[in-house]
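Below: one structure, written as structure tokens.
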2 protein chains.
Amino acid sequence: MMEHAQEALFRPVRAGNAFEETVERLMQAIRLGVVAPGERLPSERELATRLGVSRVTVREAIRSLQENNYVESRRGRYGGTFVNDVIPKSAPGKEFGDIQDALTLRKVLETGAAETAAGRSLGSAERRGLRVRLEEASTATLAEYRRKDSRLHLAIAEATGSASLTAAVAESRMRVNELLDTIPLLEPNLAHSNAQHERIITSILDGDPLAARQAMAEHLDGTASLLRGFLV
Amino acid sequence: MMEHAQEALFRPVRAGNAFEETVERLMQAIRLGVVAPGERLPSERELATRLGVSRVTVREAIRSLQENNYVESRRGRYGGTFVNDVIPKSAPGKEFGDIQDALTLRKVLETGAAETAAGRSLGSAERRGLRVRLEEASTATLAEYRRKDSRLHLAIAEATGSASLTAAVAESRMRVNELLDTIPLLEPNLAHSNAQHERIITSILDGDPLAARQAMAEHLDGTASLLRGFLV
DNA sequence: CTCCAAAGGTATGTCTGCGAGCCATTGGCG
DNA sequence: CGCCAATGGCTCGCAGACATACCTTTGGAG
């Protein structure tokens, strides 16, 4: 019997209870900037359907976000639940192994995504989308940088055309962002990242898979060593 | 709001109910060969703890496996639930998009795993483990090939030292194996695969990440085009 | 030969989460 | 100005899953 593989297969079947998991998803959407401050979340009924949980559970999750001031709800037609400008909260301490694990998975997923995206023939909408996200990230302030950065990286994952790869990247980024939130974000890092983003997107749009992979790998190694330096 | 990214974030929070998910996990362990025919599953109490479900749920899952003749249970000390020799069941029809999605994710994960494993300094136990799995796969009969093949690929994922990457590979393989079970497995494919496995493992043991990635990519492309040919 | 630890088999009461329905509020449209 | 569609707010009963406890079987150790 393969002892090590069992750890993967016999891990817990549920990430948590439905409520906690729902909170986590909504937090992801907010922290990754998929729903930006001022924008509206899908309606409770729609979220319940899409997340596969009851509306009661969705409401409990939203209530807890309200209590932490992440969102505000308004009733009536054209009402809804709107995202506030939020202060990212810091994560609890992590083990070295966890960090290494998260970074390993991220590198595999994101370099693979960049290579795959570069190897596809992208539609004009996708090409435009990538350029827009790049522009957004490059003009972002320190406060909004993490969110804009995530949007760009998610856009790259989407450009692979694989929904499950996009989901995996989103989850992976969430894990890594928790770690990144605990360390300072400095202007020089930001400028450096922007230059790397530029290379990555250019390589993808030029249809150069190897260059895209290489550029993404360097980009990720930057933040990875930053993380290891600060947290270990 | 990023419409496409929402599809990933707002996907259902639970893969299914606890019972179905538990059945799925046990099936994975059996179909991937992590627990081989004749071997014993962990005890019900242990599975309940590790999977994070109640023993009642574990028992219901095991019962349904018994009814489908995948396992047999024996009472008493040194009893337990033992894996039978099973006939792989065929999967229901899939959409082309699903196939593409599964193959894209698999390629990203497994080429990344091969490269990462080759870039690490492996312990002697890990090196030996890889050689053993390679040997097992190369001497496998047609009937046991899929299982031995999966064991080898999982061993490569484990060699990255990343538990979450291993879990992702296991899940990905499960998806792809469902598809592979619907198409014939031929001797020539098998011989070809063995040669490729040899190259992959040699590259990993030699510490040559690029060669490992390259060899894995070619290996996966082989079955990928086979699949596309048969299923589309 | 006896004991007993460890495994599967069974039963019960509790609680979470779900479904479904209804209420309250709001702002645009006719 | 009144209607009404779409949204959040609320309640109640049911089904699934859980924790816990106890029973039954088995085979090795003493």
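The chains referred to below are lettered A, B, ... by the order of the sequence lines, with proteins before strands, and numbering in each begins at 1.
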message: One pair to check against side chain to side chain contact (heavy atoms under 4.5 Å, CB included): B:Y145 and B:L190. What are the steps and the verdict?
response: CA-CA 8 Å; B:Y145 186 72; B:L190 199 146; 3.8 Å; yes
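- Side-chain contact between A:R128 and A:L122 is absent, with no heavy-atom pair separated by less than 4.5 Å.
- One can find a donor-acceptor pair under 3.5 Å joining the base of D:dG9 and the side-chain atoms of A:R55.
- Rounded to whole Å, atom P of C:dT16 lies 18 Å from atom CD of A:E21.
- Within 4.0 Å of A:R74, counting heavy atoms only, lie sugar-phosphate atoms of the nucleic acid but no base atom.
- Comparing C:dA7, C:dA6, D:dG8 against the side chain of A:T81 picks out D:dG8 as the nearest.
- The nearest heavy atom of DNA chain D to A:V56 and to A:S73 marks one nucleotide each, and the one closer to the 5' end goes with A:S73.
- If you measure from atom CD of A:E72 to atom C1' of D:dG8, you get 14 Å, rounded to the nearest angstrom.
- Considering only side-chain atoms of B:S43, the nucleotide from C:dG8, D:dG8, C:dG19 that sits closest is C:dG8.
- Side-chain polar atoms of B:S164 and A:D101 form a donor-acceptor pair below 3.5 angstrom.
- One can find a donor-acceptor pair under 3.5 Å joining the base of C:dG8 and the side-chain atoms of B:R45.
- For the pair A:L51 CG and C:dG17 P, the computed distance is 14 Å after rounding to whole Å.
- Going from atom CZ of B:F19 over to atom P of C:dG17 covers 21 Å, rounded to whole Å.
- Taking for each of B:R59 and A:T57 the nucleotide of DNA chain C with the nearest heavy atom, the 5'-most of the two is the partner of B:R59.
- Note: CD (A:E44) to P (C:dA24) measures 17 Å, nearest angstrom.
- The pair B:E46-B:R50 counts as a salt bridge, with a side-chain nitrogen and a carboxylate oxygen less than 4.0 angstrom apart.
- Picking from C:dG9, D:dC18, D:dG9 the nucleotide with the shortest atom distance to the side chain of B:R75 gives C:dG9.
- Rounded to whole Å, the distance from CZ on A:R63 to P on C:dG17 is 14 Å.
- As a whole-Å value, the separation of B:L47 CG from D:dC18 P is 13 Å.
- Among C:dC18, D:dC18, D:dG27, the nucleotide with an atom closest to any side-chain atom of B:Y78 is D:dG27.
- Side-chain contact check for A:T81 and A:S73: at least one donor-acceptor pair (N or O, by modelled atom type) lies under 3.5 Å.
- Summarising the geometry, the separation between CD on B:E20 and C1' on D:dA15 is reported as 14 Å, rounded to the nearest angstrom.
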